Q: 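Got a structure here, written out as structure tokens. Questions coming.
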Amino acid sequence: MVAGNARYLRYIVIAVFTLAIFYFFSSARYDSVPIPSSLGRTDAAPKPNTGSSENIRSQPQVQQPIEKIDKIDKTDKIDPAIKTDKTGKVDKSKADTGTGTGTGTGSSLKKTAGNTPLGTTPDSPGWETDLVSVAPGPRMNATFVTLARNSDVWDIARSIRQIEDRFNRRYNYDWVFLNDKPFDDTFKTVTSSLCSGKTHYGEIGREHWSFPDFIDQDKAKKVREDMAERKIIYGDSVSYRHMCRFESGFFFRQPLMMNYEYYWRVEPSIELFCDIHYDPFRVMHEGGKKYSFVLSLYEYAETIKTLWDSTKKFIKNHPEHIAEDNSMKFLSDDGGETYNNCHFWSNFEVGSLSWLRSKAYTDFFESLDRDGGFFYERWGDAPVHSIAAGLLLNKSEIHFFNDIAYYHVPFTHCPTGEKTRTKLRCHCNPKDNFDWKGYSCTSRYFDVNKMDKPEGWEDQKD
Ligand SMILES: Nc1nc2c(ncn2[C@@H]2O[C@H](COP(=O)(O)OP(=O)(O)O)[C@@H](O)[C@H]2O)c(=O)[nH]1
Ligand SMILES: [Mg+2]
């Protein structure tokens, strides 16, 4: 009996002891490492749907201040190309509504650049080696832009993932998606989960995606039938023609695009092969660039039979728009008499929206549009943009982004030079580089601009 009581007593003591230990650990304080308040902050309340959808997941507030307000010279002119708010901080809120001018209280970039130099080569000041943290420096008033169908969702997902991994996760630029039909929920959910900046979704108005009334439908139909017979790629497609006309004349005037000064066009299924150590939008702004490319080639002549005749007509009617130091030599081998079909491949573009919205460019587009070649032939937006850049801009306003290694089926731009590729952690095969091959116009571009070709280019010729 006594032994039994002692046993119960032992059980009770053990139970009390166990409870005490449990209580001790469960109420002990855990001194965590303090998290800076700026990290992990999210946008306040979800915004109402304004026709463009906000990013579904909350936005990390990761952009860095440009400079303190007291450093801003109040006499400086407002620069719409730089995104700032009244405190001198990078301001993303102006992109929210899809309206407005996107201007802020900005200092001139040159001044900002003094604080955060733009390093574009490994030995220049400001070259970024820390590719983990949020990128320092200002943000431009810029956005990615993609025209896509709902069915393109998984192909554009791949492109976004690569752009984010190689560049935008440190910069968080916005992304505008445009479609001739409403975007569905899957498209919005997938893309907004991948983009680190804000996402906007716009439906294109019918007037920008239909036959203008001056187009003779019978004539256009006959052309499509004939091109189908001759097996010209996309020759029988109506939607492809709307797409080319839209990219030539309307994407930059969509309401969602009016907020921005610079764009970077991204298509489904592209690849980026190297780290991007600096902000290409800043290169455009600080370098006074209006148009840029990574790949160039000859256009399929059958699709643009009268494009150059229309161009010559425009030159005659609008000599005031032709730049003094233009790139006619890139476009023509006989002083402008005929087109050599060289063009910048427009599925990649970083460019100035102000330039596309300028009178010079819109006069050019409208003149071509009236001639009907988007439907009576199959004019592509690539030769249209390229001829415009070549004639309306000075040479110094066009930029070749050697550091942006890129693929769009079937061509690759892989930077020439092993040192560059290693430094940028590229994963492209240098043998695939198209730049110096016979069907590329990049060698001609270098010659016209009297640029030195990179060491080793001759070994990649064919
Ligand atoms: N919304 C929409 N986008 C289109 C249509 N056709 C082409 N696109 C987009 O326009 C761009 C160019 O089309 P793509 O098929 O890649 O042409 P390619 O690069 O010339 O072969 C891509 O971003 C496509 O997603 C269309 O009918 N509707
Ligand atoms: Mg494409």
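Every number for a ligand or one of its atoms is a count from 1 in the order of the listing. Because the structure is a prediction, the values reported are computed rather than measured.
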Q: For the pair E128 and R282, find out whether any cationic side-chain nitrogen is under 4.0 Å from an anionic carboxylate oxygen.
A: no

Q: Restricting to N, O or S atoms, which atom of H408 is closest to the Mg ion (ligand 2)?
A: NE2

Q: Crowded around K419 NZ? As in, over 12 foreign heavy atoms under 6.0 Å?
A: no

Q: Do you see a donor-acceptor pair shorter than 3.5 Å between the side chains of H208 and Q254?
A: yes

Q: Closest by any non-hydrogen atom to atom 24 (C) of ligand 1: pick that one out of T146, D155, L147.
A: L147

Q: Within the 4.0 Å heavy-atom shell around Y234, which atoms of ligand 1 are there?
A: 15 (O), 17 (O), 18 (P), 20 (O), 21 (O)

Q: Find all atoms of ligand 1 within a distance of less than 4.0 Å from any non-hydrogen atom belonging to P268, and give their numbers and elements.
A: 22 (C), 23 (O), 25 (O)

Q: Where on W209 is there a heavy atom closer than 4.0 Å to ligand 1, on the side chain, on the backbone, on both, or on neither?
A: side chain

Q: Using a strict 4.0 Å cut-off to heavy atoms of N179, name the atoms of ligand 1 that fall inside it.
A: 1 (N)

Q: Does H408 reach ligand 1, in the sense of a heavy atom lying below 4.0 Å from it?
A: yes

Q: Are the sulfur (SG) atoms of C441 and C342 separated by under 2.5 Å?
A: yes

Q: Under 2.5 Å between the SG atoms: is that true for C274 and C428?
A: no

Q: If you measure from each non-hydrogen atom of M243 to ligand 1, which part falls under 4.0 Å: side chain, backbone, both or neither?
A: side chain

Q: Output the atom name for the N/O/S atom of E267 with the smallest distance to the Mg ion (ligand 2).
A: OE1

Q: Any heavy-atom pair between the side chains of H321 and D363 that's under 4.5 Å?
A: yes

Q: Taking NZ, NE, NH1 and NH2 as the nitrogens, is one of them in R444 or D447 under 4.0 Å from a carboxylate oxygen of the other?
A: no

Q: Please state which part of D152 comes within less than 4.0 Å of ligand 1, counting heavy atoms only: side chain, backbone, both or neither.
A: side chain

